[in-house]
Structures are given as structure tokens and as C-alpha cells.
Amino acid sequence: DGGITQSPKYLFRKEGQNVTLSCEQNLNHDAMYWYRQDPGQGLRLIYYSQIVNDFQKGDIAEGYSVSREKKESFPLTVTSAQKNPTAFYLCASSPAGHGNQPQHFGDGTRLSIL
Amino acid sequence: SQQGEEDPQALSIQEGENATMNCSYKTSINNLQWYRQNSGRGLVHLILIRSNEREKHSGRLRVTLDTSKKSSSLLITASRAADTASYFCATDERENAGNMLTFGGGTRLMVKP
């Protein structure tokens, strides 16, 4: 079955530590996205990538970094510069193009501070 | 910043009743989408309505779009306990390149058996 896999499901970060969240898709989608969701809130865009080896900052990119070396993979690193990283992180993908395409989501990674 | 604002923020109904959720937005859009999120899970796409469409149906779901009022509504008919979830609207803004979406804050729906 095609889909998006996020791992791990739960992640704990120590002070000053960088952590990396994995996102893999086998839908052959060109575009991938990372969102942050705080309790009871909507989604805010962190980074997005329309094509391999290219990505752009979203609304809340500070303290995060990404790479897109393969079409299937779009890992997100939460750096020590992100002072409030506790949140639910969601990865999504969609076909490339100019809209009118739904996004497909993974089941998220919940990140907490130790 | 969030484009869409859902109303109400929370809704509690009995099984069998209809549930209506509203979404307002600020800028011109290519389309508006509705998503569902079960607790602790990812979002699932429900329905997409283009800016030149006024109404769309999918099973027990009915979505309307009024671009003059910059608003949309999602109606779930004959609700079931399994419909309990958060529902989000998302807009594909005309000024954005590509397929980026801007999400609202969501409506939390509880359907009591």
C-alpha cells in the first residue's frame, strides 16, 4: 500500500541536542511538507520541498533544518536553537503542480523535552 | 499566520444529528479543502472544492463555498460516533506558488452515542 511513514512515533530531546524526524513516502510525489501542530491548534508550515535538492522555508522555519536528497525522503532536524520544540510534527506529500491536489499525511511524531 | 478560521471551535451532538462547521478565509483562493484528524493521528483528506464550484457532495458530506463572503461550510449528515474527530479547512491561496495549503485552527466534533 502506498503511503507516508513517519518515525519514530515518540521522541524525547535533551537540552542542547539536535534530533531528526524521519519521513518516507512511496507515493511517487514530488512535493513534501513538514508541519508543526501544538495542542488544540491547526497546522503551521515549517519547510516544504517541491522537487529533489530544493526546499523553501515556511512560516516557522527558525530552529529547524531539512534536506531532500531523495524523492522519497524528507527528514526534519529540530536543532538546539528551537527553544520550544514540544509539539506534534506532521509530514505530508502531494503531486507537484499548481494546486488542486490534496495532501497525504503521515501519522506524526510527538516530540517532547526531557 | 492562519488563513482559515473555523467556527465553532468545538461542537457536541447526538448520534443521528447533523453537524455543520464553518470556515472563513481572507485572500483569493484556487481551492478550499477539508481534512479530518482523529486524535493522535495524521490528517485525512475529505473533499476539495474549487473556487468556481459552489457545492460538492461526498457520501454524507456536503461542502459549500461562497467566494463573495470568503466562507465555506462542511455539513455531516446523520452523524455517527465514529465521526468524532477534529475537522480542518485548508486554503490554496492564489498568490502561492505550487501546492501549499494554509490551515485553520479546526473544529473539534464530538458525537455522543
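Computation of the quantities below employed the complete heavy-atom set of this structure, encompassing side-chain atoms and omitting hydrogens, waters and symmetry-equivalent molecules. Below, chain A is the first sequence line, B the second, and so on; all start at residue 1.
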**Message:** If you count heavy atoms of other groups shown closer than 6.0 angstrom to CD of A:Glu69, is the number above 12?
**Reply:** no
**Item:** B:Arg54 atom CZ: more than 12 heavy-atom contacts under 6.0 Å
**Value:** yes
**Asked** Just by distance, do the side chain of A:Asp107 and the backbone of B:Arg41 share a donor-acceptor pair under 3.5 Å?
**Response** no
**Message:** Whether the side chain of B:Tyr35 engages the backbone of A:Pro102 through a donor-acceptor N/O pair (distance < 3.5 Å, no angle test) should be reported.
**Reply:** no
Going only through I, L, V, M, F, W and Y residues with side-chain contacts under 4.5 Å, is there a path from [X] to [Y]?
X       : Y       : answer
B:Leu43 : A:Ile4  : no
A:Tyr89 : A:Met32 : yes
A:Phe88 : A:Tyr64 : no
B:Leu65 : B:Met21 : yes

**Asked** Contact part of B:Leu48 toward chain A, heavy-atom cut-off under 4.5 Å: side chain, backbone, both or neither?
**Response** side chain
**Request:** Pick one of side chain, backbone, both or neither for B:Gln9, based on which atoms fall under 4.5 Å of a heavy atom in chain A.
**Result:** neither
**Item:** From B:Phe103 atom CZ to A:Gln103 atom CD, the distance as rounded to the nearest 0.5 Å
**Value:** 5.5 Å
**Prompt:** Do you know the tightest heavy-atom contact between B:Met100 and A:Tyr48?
**Reply:** SD-CZ, 3.1 Å
**Message:** With chain A as the partner, which of B:Ile47, B:Leu101, B:Asn38 has the greatest number of non-hydrogen pairs under 4.5 Å?
**Reply:** B:Leu101
